[in-house]
*Asks:* 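So that we are looking at the same thing, I have put the structure below in structure tokens.
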Amino acid sequence: MDSEKHLTLVESLYPTVQRRTQSDRPAITVECDRLLELMQTLRDHAGLRFDLLLTHTAVDYPDENRFELLYLLYSTVHGTRILVATNLERSRPVAPSVCGIWPIAEWQEREAYDLMGILYDEHPDLRRIFLEDDWEGFPLRKDYQDSYMLELPK
Amino acid sequence: MGLVLENLPGLVERFPGGSVAITRLDETINLARSNSLWPLMFGTKCCAIEMLMATGASHHDLARFGAEVARASVRQADLMVIAGAIVKKMAPRMRLLYEQMAEPRYVIATGSCAISGGPFMYNSYTVVRGTDEIIPVDVYVPGCPPRPEAFFWGLLTLQRMIREGETIREPGVRRKPVMSALPDGVSLQEIRREILAALVEENVVDVAKASATKPWARKVREWIQKNTSR
Amino acid sequence: MTHPMLAIPAALPAGSPWGAQTLAERASASQNLWVTAGYFLLAIVGVTVLLTLLGMVLIYVERKVAAHFQCRIGPKRVGPFGIFQTIADTLKLLFKEDFVPPQADQVLHILAPFLALLVPVVLLALIPYSPMTQIADLNIGILFVTAIGGFGVMGILIAGWSSNNKWSMIGAMRAGAQIISYEISATLALLVIVLFSGTMSLSGIVHSQSEGWWVWRGHAAGFTAFIIYLIASTAELNRTPFDIPEGESELTAGFHTEYSGLRFAFFFLAEFINMFTVSALTATLFLGGWMPFHVGDWAVLNGAMDAIPPGVWFLGKTSAVIFLIMWIRWTFPRLRVDQLMHLEWKVLLPIGIANLLIAAVLVLTNFYPFPH
């Protein structure tokens with residue numbers, strides 16, 4: 001089953017998803033409310049079977065006032081990939097956790113929390129993973145500045 | 001063992017000709033030390049692939065200089081080759097490792113991350129701006145990563161430093177600073193001026209302007225004009 | 001009057017051109033106290049000189065052999081062809097800072113390297129280097145070798161324990177398990193040779209090989225014993241592929257993590273002298289010791305082989321075995337600790353026991369002509 005069929009199938013099940021046109025792999029965007037449902041279907045539906053979460057990251061768009069969460073999924077059964085994206089409000093970045101679907105997401109979501117400050121509902125152990133436990137701030141946000149960083153000489 | 005060696009120079013010096021003997025002994029021991037530097041396996045980033053692994057492999061052979069036995073234990077190594085950036089989390093551990101090394105111990109900082117923080121000097125929140133903020137460094141080898149030949153140059157400079165500057169009475173203290181030889185006609189002031197000028201122009205990336213004075217640029221421009229159609 | 005324990009073994013062929021007279025024998029045979037003391041001194045000096053020379057040569061050879069197996073050159077700047085590299089290393093280690101970890105057991109920490117060095121040095125005194133050159137020839141030679149060889153694990157365990165470092169402890173425990181396991185296989189292989197030659201004294205075993213070395217004269221049983229002994233000895237030496245105890249990428253330096261300077265040099269030296277001792281034993285027991293290579297009745301060849309002095313034969317055979325051990329080290333990857341144990345208890349031990357039974361059957365039925 002190739003990726004085109006996957007996308008058509010997903011679109012038929014969830015009509016509100018949008019395809020991303022500027023992507024080099026099959027990619028869809030979904031609203032945050034339907035994220036968990038969509039992920040469950042992606043893993044369990046016989047025609048889809050995306051059973052491996054390859055990676056999960058977050059991107060910061062301060063101008064558009066949003067965080068974008070990206071989930072890259074792989075199907076070991078069909079051998080195809082899909083990218084699922086969802087947008088969060090930058091002032092209140094709360095997302096549902098997919099740890100119940102792919103347990104590997106536990107550490108990946110900890111990384112997103114540590115560096116971007118995205119909070120996850122029902123995450124078993126949401127704490128910092130790279131930085132020290134008493135670090136303040138989320139360094140990979142575009143507006144992060146602390147006294148240790150130098151400015152570019154102008 | 002240590003007791004004997006600490007009191008040995010004082011004892012020998014009392015005899016006539018003792019100071020000559022001590023000097024000869026110094027020279028022999030420094031020669032032995034410089035030719036048998038055992039590096040510690042301490043690579044954190046990309047420089048480790050170049051400095052520790054590639055120079056230890058067959059093509060560029062680190063064993064030629066006696067530095068083959070790369071021990072993993074800190075107590076047995078005497079050369080710490082810092083290959084890679086040091087982050088804040090690593091810094092106290094690196095300090096601990098340095099202090100656990102047995103005297104005399106030497107440090108070579110390779111790569112721009114270890115010298116000054118490298119490309120992460122401006123906007124990084126964790127990379128330590130140069131390892132000499134944490135441990136004393138003997139030789140700096142610039143590059144990103146330095147070629148193995150550059151690393152050998154640094155190693156040979158360190159060997160020369162050991163041979164010329166150390167003494168058995170105070171191991172690890174370098175008396176005479178040793179400079180790596182500069183090419184003829186170049187002085188430190190000139191290099192400094194060039195670097196400052198480059199830093200000032202750094203934000204303006206105009207390759208055509210920067211390379212206009214270089215002889216190779218003319219040939220490249222001619223080749224481009226001849227071989228591409230606009 | 002020679003002590004009965006030091007008697008010349010009965011397996012000496014009559015009319016043999018090589019009479020065996022060990023230093024201990026000469027010492028006890030002489031009446032003059034000064035001469036006896038002189039022989040003792042000669043033995044001590046001889047072993048010390050041998051130790052030092054061996055250490056320097058072997059470490060240099062290991063570096064060069066390793067380098068050439070890896071298509072590189074190895075040390076080449078310290079002296080012509082880098083032959084003074086070991087001297088540079090030794091001088092450097094000598095003048096390094098010397099300390100004992102603060103919470104460690106001081107006495108044991110200082111004692112351990114000497115214990116590790118003890119085993120191979122004692123065994124150096126037993127080996128027949130040539131018919132006239134052997135320091136002591138016990139008629140229970142093999143038993144003594146096995147007993148003292150088993151003591152080697154003490155140095156390692158004490159080093160690991162006294163360092164007050166959990167990684168050293170893990171390395172020492174692994175080394176202990178490994179060494180006592182592989183001793184069994186090594187002993188079984190040695191017993192095969194004892195069965196074939198009928199005597200436990202080392203020079204008697206060498207004399208019994210005058211018609212052919214055991215590695216081929218013992219046919220399948222002898223060759224199998226040779227292979228088993230080589231593998232088991234490599235494991236006893238803690239050399240790759242069995243160097244889990246000093247597994248560098250896993251346990252920093254294993255049991256000798258906390259040693260620096262001269263004491264580390266002792267461990268280093270002990271490993272190489274042990275390698276020499278094991279190779280010399282292999283050469284003595286399986287490859288004929290100082291016996292030249294004779295082919296049946298081919299008088300011309302036998303004469304030419306006899307012309308080479310027996311000391312040179314011994315040295316050549318030992319060097320060949322040392323080269324083989326180094327070759328194995330730089331070819332194979334390291335075995336995991338469970339694979340190591342599996343190899344010993346499930347593979348080598350059954351083969352060793354079966355081999356011993358076959359050898360016993362061969363000797364009892366006189367299938368191949370063995371002396372006695």
Side-chain angles (χ1 to χ4, degrees), chain B residues 1-6 8-9 25-38 40-42 55-79 97 99-106 152 155-156 159 162 166-169 171-172, chain C residues 59-60 62-64 66-79 81-82 84-102 110 113 163 165 167-168 171 246-268:
Chain B
M1 191 75 228
L3 273 173
V4 168
L5 288 174
E6 275 157 35
L8 182 67
L25 189 64
D26 269 349
E27 285 173 13
T28 318
I29 294 171
N30 288 341
L31 193 64
R33 275 194 187 133
S34 66
N35 276 318
S36 161
L37 290 166
W38 287 358
L40 172 69
M41 303 176 184
F42 189 79
T55 51
S58 310
H59 200 163
H60 320 272
D61 185 11
L62 197 55
R64 283 182 289 159
F65 306 100
E68 168 182 11
V69 190
R71 306 297 310 181
S73 162
V74 207
R75 308 268 186 205
Q76 294 148 18
D78 43 10
L79 172 66
L97 282 180
E99 286 176 1
Q100 280 183 339
M101 278 167 76
E103 298 265 353
R105 53 194 177 208
Y106 311 97
F152 287 147
L155 187 68
L156 291 173
Q159 286 186 353
I162 297 173
E166 284 212 353
T167 172
I168 190 176
R169 257 166 292 187
Chain C
I59 293 178
Y60 169 72
E62 162 101 38
R63 301 270 208 107
K64 278 295 199 185
H68 283 280
F69 270 121
Q70 297 173 344
C71 288
R72 52 188 180 89
I73 309 178
K76 76 187 257 288
R77 289 169 68 93
V78 200
F81 300 107
F84 298 134
Q85 181 67 43
T86 317
I87 301 182
D89 279 341
T90 314
L91 272 180
K92 182 207 78 163
L93 283 172
L94 205 63
F95 288 101
K96 248 179 131 42
E97 182 191 351
D98 181 46
F99 59 81
V100 176
I110 297 178
S163 297
N165 179 351
W167 310 114
S168 302
E246 31 172 274
E248 285 172 359
S249 42
E250 296 162 8
L251 295 171
T252 52
F255 61 89
H256 54 257
T257 307
E258 297 282 347
Y259 283 90
S260 79
L262 191 62
R263 299 207 217 106
F264 172 68
F266 273 171
F267 273 117
F268 215 43

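Letters A, B, ... mirror the listed sequences (proteins, then strands); counts begin at 1. This one's a predicted model, so the numbers in the text were calculated from it and none came from an experiment.
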*Asks:* Any chance you could measure C:Lys92, atom NZ, to B:Leu37, atom CG, to the nearest 0.5 Å?
*Replies:*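 With rounding to 0.5 Å, NZ (C:Lys92) is 7.0 Å from CG (B:Leu37).
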*Asks:* Looking only at atom types and distance, does a side-chain atom of B:Arg33 sit under 3.5 Å from a main-chain N or O of C:Phe95, one as donor and one as acceptor?
*Replies:*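 Checked: pair present.
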*Asks:* For C:Arg63, is it the side chain, the backbone, both or neither that has a heavy atom under 4.5 Å from a heavy atom of chain B?
*Replies:*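 Both backbone and side chain.
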*Asks:* Looking at C:Cys71 and B:Ser58, what are the two nearest heavy atoms and their distance?
*Replies:*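 Of all heavy-atom pairs spanning C:Cys71 and B:Ser58, the closest is O-CB, 3.5 Å.
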*Asks:* For C:Arg77 versus B:Leu156, what's the shortest heavy-atom pair and its separation?
*Replies:*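 Nearest pair, atom of C:Arg77 first, then B:Leu156: NH2-CD2, 3.6 Å.
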*Asks:* Show the nearest heavy-atom pair for residues C:Arg72 and B:Ala57, with the distance to one decimal.
*Replies:*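 Here C:Arg72 and B:Ala57 meet closest at CD-O, 4.2 Å.
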*Asks:* For residues B:Pro104 and C:Lys96, determine if any side-chain heavy atom of one lies less than 4.5 Å from a side-chain heavy atom of the other.
*Replies:*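 Result yes, sub-4.5 Å side-chain heavy-atom pair found.
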*Asks:* Taking every non-hydrogen pair under 4.5 Å, which of C:Ile87, C:Leu93, C:Thr90, C:Asp89 racks up the most with chain B?
*Replies:*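 Of the options given, most contacts go to C:Asp89.
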*Asks:* More than 12 heavy atoms of other residues, nucleotides or ligands under 6.0 Å from CZ of C:Phe81: yes or no?
*Replies:*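 No, not enclosed.
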*Asks:* What part of B:Asp61 gets within 4.5 angstrom of chain C, counting heavy atoms only: side chain, backbone, both, or neither?
*Replies:*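 When you check distances to chain C, only side chain atoms of B:Asp61 fall under 4.5 Å.
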*Asks:* Atom CG of C:Leu94 and atom CD1 of B:Ile29: how far apart are they, to the nearest 0.5 Å?
*Replies:*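 If I round to the nearest 0.5 Å, the distance is 8.0 Å.
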